[in-house]
Amino acid sequence: MDMDWVHEMYRRILVKENAAAKRNRDKIPYTTKDGVFDDRGKNDICWWTNGFWGGMMWQLYHATHEPVYLENALQTEIKLDANLMNRQGMDHDSGFKWLPTAVAHYRMTGDKASRNRALLAADNLAGRFNPVGKFIRAWNNWDGNEDGSFAGRAIIDCMMNLPLLYWAGEELHDPRFCHIAKMHADTAMKYFIREDGSAKHIVEFDAQTGAYLHSVGGQGYGHGSSWTRGQGWAVYGFILSYLHTGEERYLAVSKKTADYFIANIPDSGLIPVDFRQPPEPAYEDSTAAAIAACGMLELAKYVPENEKQTYKNAAIKLLKALADKRCNWDENTDNLLEKCTAAYHDAEHEFSIIYGDYYFIEAIWKLMGTELFIW
Ligand code: GLY
């Protein structure tokens, strides 16, 4: 591996993020306007991405022990308590919110209040399990609309939330959490992953009988398409279920979804929003590249020696394309990644999104050996 390049990335990230962390001490950002972070946490503390800024701060603190990162991480975690007290704002994304904040804090320091927060979040996540359909319900109905229409919906992204359950189960020596996580992972394996290795985004079950009804288009191009960030969640999520459970079937699915992703990487190394979107408009999503790279680097640890290089090389191709063409290295601009897209059919595309920055940093930290393991 080109360790000189990795060291250079590490150095450039530290210069850039140190400036950004000092300029944005009291925020929980989601995106930028004219290169300046917004404060999504101020207006919408329950937003699903609100854990990533804290996660970035913990990764940076773990590597440097500079107080600014610790201070920013702690303020994010405390602010998220308002979400814990808001039932409507508690959905399946508790893993994305409390693993990179409270669990990271607990892993770093053994803080008891952080452990308590993360266990409350895990209890709530476990409570979303539908025992007949054997899936974790993704979203609540929109506020004030308790018609149950989302009661049967599960999404591939939830694979990344399962580690909160694995963690809670280990912490409490209570196997219920792991049983629930594995049952959801098995359902996802059966109904979300197609024969060719591509992943569906949303699957709808009958919440009463548990029967599979159909899949729904979601954030990619449409029904039957191949949303790239969802593919990244599958690669990374299944390998995480493997490392927490040792069940070989999750390793196999992670490989299958990674092989599909790799077969579809364009020569440029830049990732579209959907592998099956029309040639124009050619919307990109840099977050998908960063997430898939993290998943492939993790996967490379568990495959036989002769397969490791395939996944590492693919991850490095994705990261180098981002570093050369989609990273903004200007210290005066808050965001790192550019051209991130939340959903194909949204009005806006190709802007900065905080989890893109988070996963790019996590991937470089994996290569450097400075990662705080969060998932
Ligand atoms: N978890 C939602 C998304 O990936 O956009």
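No experiment lies behind these values; they were computed from the predicted model shown. Count residues from 1 along the sequence. Just follow the structure's listing: the first ligand is 1, and inside any ligand the first atom is 1.
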Strictly under 6.0 Å, is that where the ring centroids of F275 and W227 end up? no
Donor-acceptor check, side chain of Y250 to backbone of K182, threshold 3.5 angstrom: yes or no? yes
Would you call the rings of H244 and Y166 parallel, tilted or perpendicular, taking 30° and 60° as the class edges? parallel
Show me the donor-acceptor pairs, under 3.5 Å and distance only, between side chains in residues 100-108 and residues at least two apart or in other chains.
| from | atom 1 | to | atom 2 | distance (Å) |
| --- | --- | --- | --- | --- |
| T101 | OG1 | K97 | O | 2.6 |
| H105 | ND1 | E77 | OE1 | 2.8 |
| H105 | ND1 | S114 | OG | 2.7 |
| H105 | NE2 | T109 | OG1 | 3.4 |
| Y106 | OH | E171 | OE2 | 2.5 |
| R107 | NH1 | F373 | O | 3.1 |
| R107 | NH1 | I374 | O | 3.1 |

Among all residues two or more places apart in sequence or in another chain, which pass the ring pair (Phe, Tyr, Trp, His ring centres under 6.0 Å) test with W142? F150
Would you please name every residue forming a salt bridge (Lys or Arg N to Asp or Glu O under 4.0 Å) with D2, sequence neighbours left out? K320
Give the residues near ligand 1 by chain and number, with the criterion being a heavy-atom distance under 4.0 Å. W48, D157, Q219, W227, R229, W233, Y355
